[in-house]
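Note that the coordinates shown come from a computational prediction; the quantities given were computed from them, not determined experimentally.
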Amino acid sequence: MTMIAKLLWVDDEIDLLRPHVLFLQSKDYDVATASNGMDAIELCREQSFDLVLLDENMPGLSGLETLQAIKEIHPNIPVVMVTKNEEENLMDQAIGAKIADYLLKPVHPKQILLTLKKNIHQREIVAEAAQTGYRQEFAQLSMQMSDTLSIPDWQELYKKLVHWELELTDTDGAMQEMLLTQKREANQLFARTIKKHYEQWINLPEERPTMSPDVMKKAIFPRLKEGRKVFMIVFDNFRFDQWRIISQELFEDFEIEEDLYCTILPTATQYARNAIFSGLMPQQIKEMYPRLWVEEEEEEGKNNHEAELLQTQLDRFRRRETFAYNKLNDSAAVERFIAQIPQVKSHALNVVVINFIDILSHARTDSRMMRELAATEAAYRSITQSWFRHSSVYELFKVLATLDCDIILTTDHGSIRVDEPSKVVGDKNVNTNLRYKLGKTLSYNAKEVYEVRNPKHIGLPAPNLSTTYIFATGEKFFAYPNNYNHYVQYYRDTFQHGGISLEEMLVPLVRLTPKGR
């Protein structure tokens, strides 16, 4: 018989626990025993165990002393303290020593079995439950996608897909492949929704879902009107799955109201973030404030006028509140901003743009090492979480949690991992983005793109009378015939943005309220 785990039970009355040992052996556990701390330590030196059950009150070495010695030998072994003592101080000491669990005598066999499942078998039990849950919901999700969905419907479906993506992170490859196939199908159908309704949304803003130009009006201005102080945190290039991972670090300090909004096209900073701050579509910015709009072919930075654009929106809505705008590109800039909070918190609105995640996305494209570190979607999320947990940005949120303010966390667009090249030919003036192109003489497969021959119909500027925009859908990326194989090999499996996908267009719009307010 194959034993499922190897246990060490340490108790000075171990003979009285013989029925419990037999019960565990009947459940296919290999159980070694010791009646004192010294013997337990020696056993741990000689062999490895999956878990230790440790009596707290023993003659000679106490349970806590034995625990410390065992942890020095095997730092990661889970130890379950078993005791009659209910003193809070003892519990604190045991928890401080990083015990895995705490059981009070007399223990019942089912109690022991539960703690073993929690501390030894949790991962496989959770993985199996996730696989079962996704199998049961797979057909329902497919049926939902086959219906004609509104953007709110797509938002709810995308939330479910991200939920299962996170739940299935540690499961077998077959189940993850099944989910990936379903996400691809969802993106194909989502692109149909965008092609069918996008122009109507742009021209009938009262009837559309919340989009980039509506973010300030719907999420910021109502809170300013209520007299609230608002910090608006904009993570550049931030996906909903990344938000879900980061939110795990924030729930202790904040009440969280989570929502999504739909970005404009192209899902690129020049267009989407300028639309957020101005409250206008890019063509409107160009017409109303030509000095503040920078064309694709110009060398000037495309987002150097965000504070000025925000001021124009405040003026149009006759908002008289003061605001401060800060773009934070590194840890030193974040730390300087934290030091300034006693002064800037007097403003009704503080806007903070944080670029790290966008930098990470581009680094993964350009750096072989980063491709290795973020080889999968799960690894990409993990790096995002690790950065956040250990960054000065996390410290910024800790400081904000002490203030009487509302925090609106959002982004300008997301990104998608591209895999399928789509050939496009254009002249030397065509822009370089892999997910959208604009130009006068573009040649492409019209079936593979969202084609817009009159850019003004979707609120975009046309540098020339014959300018056409095309947007990649699903996991496609645009590639030139020249040096095609090298180009495809370099950019395949990179994270890109600018086109049409759930990941790029349905992005977080979250309200955080400090719990200590």
Between D358 and S361, a side-chain donor and acceptor under 3.5 Å: no
Backbone of G498 reached by a side-chain donor or acceptor of E504 within 3.5 Å: yes
T267 and H497: side chain donor to acceptor below 3.5 Å: no
Salt bridge flag under 4.0 Å for residues E395 and K398: no
Between N433 and E296: side-chain donor-acceptor atoms closer than 3.5 Å: no
Lys/Arg-Asp/Glu bridge criterion (N-O < 4.0 Å) met for E295, K286: yes
Distance (rounded to the nearest 0.5 Å) between Q283 CD and Y271 OH: 11.0 Å
Spacing of OG belonging to S392 relative to CZ belonging to R336, to within rounding of 0.5 Å: 10.5 Å
cation_pi(K423, Y484) dist<6.0 Å, angle<=45: yes
Residue pair F323 / L310, side-chain heavy-atom distance below 4.5 Å: yes
Validation row: L250, D253 side chains within 4.5 angstrom (heavy atoms): no
Side-chain heavy atoms of T312 within contact of M288, under 4.5 Å: no
Y394/W387 aromatic ring centres below 6.0 Å: no
Polar side-chain atom of T411 near backbone of F235 as donor-acceptor pair, under 3.5 Å: yes
Electrostatic pair E226:R228 at N-O distance under 4.0 angstrom: no
Donor-acceptor under 3.5 Å (Q131 side chain, L168 main chain): no
Flag if over 12 foreign heavy atoms under 6.0 Å of CZ, R368: no
Lys NZ or Arg CZ of R371 over Y490 ring: under 6.0 Å, within 45°: yes
Among F231, F251, F388, ring-ring contact (aromatic ring centres under 6.0 Å, His included) partner for F397: F388
Residues R184, E420: salt bridge by 4.0 Å N-O rule: no
Residue pair H457 / N454, side-chain donor-acceptor N/O under 3.5 Å: yes
Residues F240, L502; criterion side chain to side chain contact (heavy atoms under 4.5 Å, CB included); working and verdict: CA-CA 9 Å; F240 181 64; L502 294 162; over 6 Å; no
Shortest non-hydrogen contact from N274 toward Q270: ND2-O, 2.7 Å
Interatomic distance, Y289 atom OH to L280 atom CG [nearest 0.5 angstrom]: 6.0 Å
Under 3.5 Å donor-acceptor, R417 side chain and T494 backbone: no
Ion pair R244/E165, N-O distance below 4.0 Å: no
From D236 atom CG to I354 atom CD1, the distance as rounded to the nearest 0.5 Å: 10.5 Å
Within-4.5 Å side-chain heavy-atom neighbours: I151 and T210: no
From L509 atom CG to C262 atom SG, the distance as rounded to the nearest 0.5 Å: 12.0 Å
Enclosure of R316 CZ (heavy-atom neighbours >12, cutoff 6.0 Å): yes
Candidate pair Q311 and D315, rule side chain to side chain donor-acceptor pair (under 3.5 Å), full reasoning: CA-CA 6 Å; Q311 185 65 64; D315 292 343; 2.9 Å; yes
NZ/K218: more than 12 non-hydrogen atoms of other groups inside 6.0 Å: yes
Side chain to side chain contact (heavy atoms under 4.5 Å, CB included) evaluation trace for Y469 with L265: CA-CA 10 Å; Y469 281 76; L265 293 172; over 6 Å; no
Aromatic ring pairing W201/H197, orientation class (parallel under 30°, perpendicular over 60°, tilted between): parallel
Minimal non-hydrogen separation, K327 against N303, with atom names: NZ-O, 3.2 Å
R239 side chain near E377 side chain, heavy-atom distance below 4.5 Å: yes
Stepwise side chain to side chain contact (heavy atoms under 4.5 Å, CB included) check, N431 with Y436: CA-CA 8 Å; N431 62 309; Y436 76 95; 3.4 Å; yes
Side chain to side chain contact (heavy atoms under 4.5 Å, CB included) between M178 and M175, intermediate numbers included: CA-CA 5 Å; M178 186 173 162; M175 192 60 61; 3.9 Å; yes
Any side-chain donor near an acceptor of the partner, E258 and W243, under 3.5 Å: yes
Side chains of M211 and I202 in contact at under 4.5 Å (non-hydrogen atoms): yes
Atom pair CG (N445) and CD1 (I470), whose distance is rounded to the nearest 0.5 Å: 10.0 Å
Option passing side chain to side chain contact (heavy atoms under 4.5 Å, CB included) with E199 (candidates V452, I194, I458): I458
CD/Q343: more than 12 non-hydrogen atoms of other groups inside 6.0 Å: yes
K440, NZ atom: more than 12 neighbouring heavy atoms under 6.0 Å: no
Side-chain donor or acceptor of N464 paired with backbone N/O of T467 under 3.5 Å: no
salt_bridge(K229, D404) N-O dist < 4.0 Å: no
Heavy-atom pair of closest approach, residues A375 and D493: O-OD2, 4.4 Å
Side-chain (R364) to main-chain (A374) donor-acceptor, under 3.5 angstrom: yes
Pair E306, Y325: side-chain N/O donor-acceptor within cut-off below 3.5 Å: yes
Nearest non-hydrogen partners of W293 and P282, listed with the distance: CH2-CB, 3.6 Å
Student check: side-chain heavy atoms of L438 and P463 closer than 4.5 Å: yes
Any donor-acceptor N/O pair, T263 side chain to H413 backbone, under 3.5 Å: no
Minimum-distance pair of heavy atoms, taken over all atoms of R492 and P421: NH2-CD, 3.2 Å
Check: G474 main-chain N/O paired with Q188 side-chain donor or acceptor under 3.5 Å: no
Heavy-atom side-chain contact between V449 and F471 under 4.5 Å: no
Flag, side chain of S386 to backbone of I383, donor-acceptor distance under 3.5 Å: no
For L442 against T468, the heavy-atom pair lying closest together: CD1-O, 3.7 Å
E451 and Y444 side chains, donor-acceptor separation under 3.5 Å: yes
